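So the structure is just underneath, and the comments pick up after that.
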Amino acid sequence: MAKVLVSDPIDQVGVEILSQVAQVDVKTGLPPEELVKIIPEYDAMMLRSGTRVTKEIIEAATQLKIIGRAGVGVDNIDVQAATRQGIVVVNSPEGNTIAAAEHALAMMLSLSRHIPEANQSVKNDKWERKRFIGAEVYKKTLGVVGLGKIGSHVANVAKSMGMKLLAYDPFISKERADQLGCTLVDLDLLFAESDYITLHIPKTKETTHIINKESLSKMKPNARIINCARGGTIDESALAEAIAEGKIAGAALDVFEEEPLKESKLREHENIILTPHLGASTAEAQVNVAVDVAEQIRDVLLGLPARSAVNIPGLTPDVMEKMRPYLQLAETLGNLVGQLAGGRIERLTVRLQGELASTKGQPIVVASIKGLLSQALRERVNYVNAAIEAKERGIRIIETHDASIRDYSDSLHLAAQGSLGEHSVTGALLSDGEIRITDVDGFPINVPPSNYMLFTVHRDMPGIIGKIGSLLGSFNVNIASMQVGRKIVRGDAVMALSLDDPLPEGLLNEITKVDGIRDAYTVKL
Ligand SMILES: NC(=O)c1ccc[n+]([C@@H]2O[C@H](COP(=O)([O-])OP(=O)(O)OC[C@H]3O[C@@H](n4cnc5c(N)ncnc54)[C@H](O)[C@@H]3O)[C@@H](O)[C@H]2O)c1
Ligand SMILES: O=C(O)[C@H](O)COP(=O)(O)O
C-alpha cells in the first residue's frame with residue numbers, strides 16, 4: 001500500500017480521503033533532518049506553509065510521486081528540484097481565496113477602527129472612547145496591488161462599501177479591471193493616491209520589497225498598508241521606520257519575511273496589527289483545501305492526472321482525457337524517432353498536421369519528448385520532467401503547426417536531428433483510436449506499432465525481401481507483419497517489419513550485410 005506523509009495540520013477530511021488508497025502518517029513539526037531521514041518511505045506528501053520542502057528532502061525522496069500543498073503558495077517547496085525529479089506538485093488555487101480576502105478586509109477595518117487596541121484597553125478595565133477615534137473607509141481610495149483571485153474579491157467587497165478602487169497588475173486587462181470597478185494605474189500613482197494599500201501578489205523577483213523606503217516616501221500620511229499575501233513583499237524595517245516617523249498611518253500584516261516572526265520592530269507600534277499567517281485559517285477554507293489536495297494525491301496514486309499541477313501546466317484531467325490517444329501517438333512516435341536517430345539528439349521538431357494543427361501543442365510536445373527520452377531515462381522521465389530533461393540535455397525543441405491535410409485528416413510528424421543524422425516519422429490515429437505509423441524518413445508506409453520492430457532502408461530490387469525473411473526465419477524470429485514503402489520503382493525503399501520476438505544478438509549486423517541493404521534499425525516500443 002502507498003504511504004502518505006502529512007507534515008502540517010490539515011483538516012481530518014483530507015486524511016480520510018487519503019486513507020482510501022494509502023497508509024497516512026500525520027507527523028507535524030518535524031525538523032528538516034528528520035524529514036530527510038523518513039521521506040524515502042513515502043509515495044506522497046501533503047503540507048501547508050509550515051514545512052519547507054528543500055532540495056535535500058526532495059533528493060532523498062526516492063519514492064515520492066506527488067507533493068500536495070493544502071493552500072495556494074508553493075514558495076516553501078523547491079518546485080524546480082521536484083520537477084527535475086519528476087515529482088508532481090499540486091496546490092489548491094481557489095480553496096482559501098475567500099478566507100484570505102476576508103482576512104485582508106478584516107485587517108483593513110481593524111486598522112481603521114483600532115479594534116485590537118480598543119479590545120485590549122477594555123480588557124484592561126479602561127473605557128478610552130476619545131483615544132480610539134477611527135476613520136471610515138467609505139469614499140476612501142483602496143489601492144489593490146495584484147488583481148487576481150483574492151485581489152478581485154477584496155475589490156468587489158470594497159466597492160460595495162463605497163470605496164474608490166485603484167489597481168496595479170501588469171498581467172490584467174483593462175476590461176477585467178473595468179468589470180471590477182478598478183482603475184488600472186501605475187504603481188507610483190497607486191502609492192501616491194491610496195488611503196489603503198492592500199497586497200495580493202506572489203513573492204517574485206519583481207515583487208520583493210515592492211514596498212520599500214522609496215515607495216513609502218510617496219504615500220499619504222494617512223495611508224494604511226495591508227499585507228495578507230506574502231512576506232518579503234514589504235521591507236519590514238523600512239515600514240517600521242515610516243510608521244515610527246509618522247510618514248504613514250499604519251499597517252496590518254499577516255505574513256512576514258521570516259515566519260514565525262522573530263525579534264522585530266514591527267511589534268513596537270500600536271498602529272501595526274500583526275496576525276500569525278491566518279489568512280487561510282477558516283474552518284471552511286481548511287476543508288476546501290484539504291479535500292482539493294487530498295483528492296489530487298489520491299488520483300495521482302491511482303495513476304490519474306491531477307487537476308491543479310503547478311509543474312505540468314496545461315495537462316489537466318480534461319485535457320488528458322480528450323487528448324489521451326494523441327498523447328499516446330506522440331509518445332510512440334517520440335520513442336520510435338529517438339531509436340531511429342540513435343546517438344545524442346540535438347533537435348526535435350514536432351509538427352501538428354491537418355486538423356491537429358488547431359490544437360494547443362504543448363501537451364503533445366511534452367508527450368513526444370517523454371517518448372524520445374524514454375529509452376535513455378526509462379520510468380524516470382514523465383510529463384513533469386520531460387521538458388526540463390530535454391533542456392538539460394541541450395535538445396532544442398521546435399513546435400510547428402501545418403493545417404494542410406495529407407492522407408489523414410490529422411497526423412503528427414516528428415523529426416529528430418542527432419549526432420548520427422536526421423530521421424523522421426509520421427503517425428496518425430484510425431477512427432477506432434489505433435495508431436498507425438504512416439511515414440518513415442519520407443517513405444510512405446502503414447503499419448501499427450508493435451513491441452519489436454525492424455526497419456530497413458534498401459534498394460528496391462527483386463529478392464531482397466525474401467532474403468531478409470529467410471534470415472529472420474533462420475534465427476527463429478517470427479514476422480507478424482511486413483510493409484514496404486517506396487517513392488519510385490527500383491529506387492530506395494523502407495521496409496517495416498513487426499516481429500513477435502526480439503532480434504537475437506548479431507542478427508542486425510547480418511541484415512546490414514545483405515546486398516542492397518543500406519541501413520537497418522531495430523526498435524523496441
Ligand atoms: N495569508 C494567507 O494565508 C494567504 C492565503 C491565500 C493566499 N495567499 C497569497 O496571496 C497571494 C495572492 O493569491 P491569489 O490566489 O489571489 O493569486 P492569483 O495568482 O490569483 O493572483 C495574483 C495576482 O498577482 C499579479 N501579479 C504578479 N506579479 C505582479 C507584479 N509584479 N505586480 C503586480 N501584480 C502582480 C498576477 O497577475 C495575479 O493577478 C499569493 O501570494 C498567495 O500565496 C496568502
Ligand atoms: O498560500 C497559502 O495558501 C496561504 O499562505 C495559506 O498558508 P497556510 O496553509 O499555511 O495557512
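All figures in this text were calculated on a predicted structure; none of them were measured in a lab. All residue numbers refer to positions in the sequence shown, counting from 1. Read the numbers this way: they start at 1 and go in the same order the structure lists the ligands and their atoms.
Using a 4.0 Å cut-off to heavy atoms of Gly71, the atoms of ligand 2 that qualify are 3 (O). Each of the atoms 1 (N), 2 (C), 3 (O) of ligand 1 lies under 4.0 Å from some heavy atom of Asp254. Close approach of ligand 1 to Gly73 (heavy-atom distance below 4.0 Å) involves ligand atoms 43 (O). Atom numbering of ligand 2 starts at 1 in the shown order; those under 4.0 Å from a heavy atom of His277 are 4 (C), 5 (O), 6 (C), 7 (O). With ligand atoms numbered from 1 in the order given, ligand 1 contributes 12 (C), 22 (C), 23 (C), 24 (O) to contacts under 4.0 Å with heavy atoms of His200. Under a 4.0 Å criterion applied to the non-hydrogen atoms of Val72, ligand 2 contributes the atoms 1 (O), 2 (C), 3 (O). Near Ser49, the atoms of ligand 2 lying under 4.0 angstrom from a non-hydrogen atom of the residue are 7 (O), 8 (P), 10 (O). Those atoms of ligand 1 with a heavy atom of Arg230 less than 4.0 angstrom away are 41 (O), 43 (O), 44 (C). Of all atoms in ligand 1, numbered sequentially from 1 with element shown, those under 4.0 Å from a heavy atom of His277 are 1 (N), 2 (C), 3 (O). Close approach to Ala280 involves these atoms of ligand 1, each under 4.0 Å from a residue heavy atom: 3 (O). Counting the atoms of ligand 1 from 1 in the order shown, those under 4.0 Å from a heavy atom of Asn96 are 6 (C). Against a heavy-atom cut-off of under 4.0 Å, Asn96 is close to the following atoms of ligand 2: 2 (C), 3 (O). The ligand atoms of ligand 2 that sit less than 4.0 angstrom from a heavy atom of Arg48 are 8 (P), 9 (O), 10 (O), 11 (O). With ligand atoms numbered from 1 in the order given, ligand 2 contributes 1 (O), 2 (C), 3 (O) to contacts under 4.0 Å with heavy atoms of Gly73. Those atoms of ligand 2 that come under 4.0 Å of a heavy atom in Ala280, given as number and element, are 6 (C), 11 (O).
Between Lys37 and Glu33 there is no salt bridge, since no side-chain nitrogen of the basic residue lies less than 4.0 Å from a carboxylate oxygen of the acidic one. With respect to the salt-bridge test (charged N to carboxylate O, under 4.0 angstrom), the residues Glu136 and Lys140 do not qualify.
Between the choices Ser152, Ala104, Pro202, the shortest heavy-atom distance to atom 24 (O) of ligand 1 belongs to Pro202. Here atom 5 (C) of ligand 1 lies nearest to Ala100 when heavy atoms of Pro93, Ala100, Ala101 are compared. Atom 30 (C) of ligand 1 has its nearest heavy-atom neighbour, among Val145, Thr207, Val154, in Thr207. Atom 16 (O) of ligand 1 has its nearest heavy-atom neighbour, among Ile98, Asn91, Ile150, Ile172, in Ile150.
By the 3.5 Å distance cut-off applied to N or O atoms, Val255 is not counted among the residues near ligand 1. Residue contacts with ligand 1: Thr97 is placed with no nitrogen or oxygen under 3.5 Å of a nitrogen or oxygen of the ligand (distance criterion only). The N/O atoms of Ser281, backbone and side chain alike, include none that comes under 3.5 Å of an N/O atom in ligand 2.
Using a distance-only test at 3.5 Å, with no hydrogens or angles considered, no donor-acceptor pair links the side chain of Asn156 to the main chain of Lys159. When atom types are taken as modelled, the side chain of Asn311 and the backbone of Val384 share no donor-acceptor pair closer than 3.5 angstrom. Remark: the backbone N or O of Leu302 is not paired with any side-chain donor or acceptor of Asp299 at under 3.5 angstrom.
The single protein non-hydrogen atom nearest to atom 36 (C) of ligand 1 is Asp169 OD2, 3.4 Å, given as residue, atom name and distance. Nearest to atom 7 (O) of ligand 2 among the protein's heavy atoms is Arg69 NH2, 3.1 Å. Given atom 28 (N) of ligand 1, the protein heavy atom at minimum distance is Phe171 CE1, 3.5 Å. Among all protein heavy atoms, the one lying closest to atom 19 (O) of ligand 1 is Lys149 NZ, 3.8 Å. The nearest heavy-atom contact from the protein to atom 33 (C) of ligand 1 is Pro170 CD, 3.3 Å. Atom 21 (O) of ligand 1 has Gly148 CA, 3.3 Å as its closest protein atom, hydrogens excluded (heavy atom only). Looking only at protein heavy atoms, the nearest one to atom 9 (C) of ligand 1 is Ala229 O, 3.5 Å. Closest protein heavy atom to atom 44 (C) of ligand 1: Cys228 O, 3.2 Å.
Surrounding CD of Gln20 are more than 12 heavy atoms belonging to other residues, nucleotides or ligands, all under 6.0 Å away. The environment of Gln80 atom CD is sparse: at most 12 non-hydrogen atoms of other residues, nucleotides or ligands sit within 6.0 angstrom. Counting heavy atoms of neighbouring residues, nucleotides and ligands inside a 6.0 Å radius, atom NZ of Lys262 exceeds 12 of them. Taking a 6.0 Å sphere around CZ of Arg131, one finds it holds more than 12 heavy atoms contributed by other residues, nucleotides or ligands. More than 12 heavy-atom neighbours from other residues, nucleotides or ligands sit within 6.0 angstrom of CZ on Arg307. More than 12 non-hydrogen atoms from other residues, nucleotides or ligands lie less than 6.0 angstrom from CD of Glu399.
When Arg84, Lys370, Arg380 are each tested for a salt bridge (Lys or Arg N to Asp or Glu O under 4.0 Å) with Glu389, only one passes: Arg380. Checking each of Val36, Val79, Ile87, Ile39 against Ile58 for a side-chain contact (heavy atoms from CB on, under 4.5 Å) leaves exactly one that passes, namely Ile87.
Close to ligand 2: Ala70, with a non-hydrogen atom less than 4.0 angstrom away. Using a non-hydrogen distance threshold of 4.0 Å, Ile201 registers as a contact of ligand 1.
In the model, Ser308 has no side-chain atom that pairs as donor or acceptor with a side-chain atom of Asp292 under 3.5 Å. Under 3.5 Å, the side chains of Gln120 and His114 contain no donor-acceptor pair of N or O atoms. A donor-acceptor contact closer than 3.5 angstrom is absent between the side chains of Thr141 and Glu193. For the residue pair Ser49 and Asn76, no side-chain donor N or O sits within less than 3.5 Å of a side-chain acceptor on the partner. For the residue pair Ser112 and Tyr196, a side-chain donor N or O sits within less than 3.5 Å of a side-chain acceptor on the partner.
Residues Met323 and Pro363 come closest through the heavy atom pair CE-CB, 4.4 Å.
Contact annotation for Thr204 and ligand 1: no heavy atom of the residue comes within less than 4.0 Å of the ligand.
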